[in-house]
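Inspection log for the structure reproduced underneath, given as structure tokens.
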Amino acid sequence: WIWAASSFGMASYMVALQIWTWRRIRRVTLASHPNYSSWVSGAISVLIGIVVVIEVLNTFGIVVERGIGPYLLGLMALLCLCVVMFVRMLSFIGRR
């Protein structure tokens, strides 16, 4: 049950991250920034959605067997998400 609990924690974190990101984009008005690409925001949202679905399925043991595999897949996707956000941050900083 450790992987189910870990998957539930990761899914909860990803949902909170998505909500925080949406609020920040609206508050800071990043959409009006000249270097803002809406497809990047969409890709990040899709990636977060896929990870949440995989982790919820792993939590309840539906379609996928409860184990480390789906958890590691979500962890690797989270790492890719962090890389994308970091590169976007460098892009914003570099084009001031």
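What you see is a predicted model; the values in this text were computed from it and never measured. One-based numbering along the sequence shown.
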Common cluster, [X]/[Y], ILVMFWY with side-chain heavy-atom separation under 4.5 Å:
X   : Y   : value
I48 : I19 : yes
M76 : L47 : no
I62 : V53 : yes
L78 : V64 : yes
F60 : Y13 : yes

Task: Residue pair E55 / F8, side-chain heavy-atom distance below 4.5 Å - done: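 No. Closest side-chain heavy atoms not under 4.5 Å.
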
Open item on the list: Are the side chains of M14 and L81 in contact, using a 4.5 Å heavy-atom criterion?
Closed with: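 A side-chain contact under 4.5 Å exists here.
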
Open item on the list: Let me confirm one number: the CG-OG distance from L17 to S12, rounded to the nearest 0.5 Å.
Closed with: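 It comes to 12.5 Å.
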
Open item on the list: Checking side chain to side chain contact (heavy atoms under 4.5 Å, CB included) between I54 and each of V56, I50, V51, L57, which is the one that passes?
Closed with: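 Result for side chain to side chain contact (heavy atoms under 4.5 Å, CB included) with I54: I50.
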
TODO: For a side chain to side chain contact (heavy atoms under 4.5 Å, CB included) with P70, tell me which candidate from L75, T59, N58 qualifies.
DONE: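 That would be N58; it is the only one of L75, T59, N58 passing the side chain to side chain contact (heavy atoms under 4.5 Å, CB included) with P70.
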
Open item on the list: So which atom in M10 and which in Y71 form the shortest heavy-atom distance, rounded to 0.1 Å?
Closed with: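 Looking at all heavy atoms of both residues, the shortest contact is CE-CE1, 3.4 Å.
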
TODO: Of all the heavy-atom pairs spanning G67 and W3, show the shortest one and how long it is.
DONE: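 Closest pair (atom of G67, atom of W3, distance): O-CB, 3.5 Å.
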
